[in-house]
Undergrad: 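Below you'll find the structure I mean.
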Amino acid sequence: MRALCWHGKKDVRVDHVPDPTIEHPRDAILTVSSCAICGSDLHLFDGFMPGMKSGDILGHEFMGEVMEVGR
Ligand SMILES: [Zn+2]
């Protein structure tokens, strides 16, 4: 799948990453249909969040169709 990945301060790219898998009983996998940017994404983009590693996937404001759920 494609995902927006953080590679450093003001360096984000759409990369090909492995498809997600269900790892925990409360996980869900969605096909994302639309997304938005929120203020916390800008903190990541501007490099103000410690602990980010190159390749981390961004995005937490989205909607889509649930394809699979955990137990
Ligand atoms: Zn948010």
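In each ligand, atom 1 is the first atom listed, and ligand 1 is the first ligand listed. In this text, all values refer to a predicted model and were calculated from it rather than measured experimentally.
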Undergrad: When rounded to the nearest 0.5 angstrom, what is the spacing between NZ in Lys53 and SG in Cys5?
TA: 12.0 Å
Undergrad: If we ignore hydrogens and angles and just use 3.5 Å, is the side chain of Asp27 paired with the main-chain N or O of Glu23 as donor and acceptor?
TA: yes
Undergrad: Would you say Ile22 and Arg71 make side-chain contact, with heavy atoms under 4.5 Å?
TA: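 No - every pair of side-chain heavy atoms lies 4.5 Å or more apart.
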Undergrad: How long is the gap from SG on Cys38 to NE2 on His43, to the nearest 0.5 Å?
TA: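 Those atoms lie 8.0 Å apart.
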Undergrad: Under 2.8 Å from the Zn ion (ligand 1), which protein N/O/S atoms are there?
TA: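 For the Zn ion (ligand 1), the protein N, O and S atoms that sit under 2.8 Å away are Cys38 SG, His60 NE2, Glu61 OE2.
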Undergrad: Does a salt bridge link Lys10 with Asp46, judged by any charged N lying under 4.0 Å from a carboxylate O?
TA: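 A salt bridge links Lys10 with Asp46.
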Undergrad: Would Ile37 end up clustered with Leu4 when hydrophobic side chains under 4.5 Å apart are linked, directly or stepwise?
TA: no
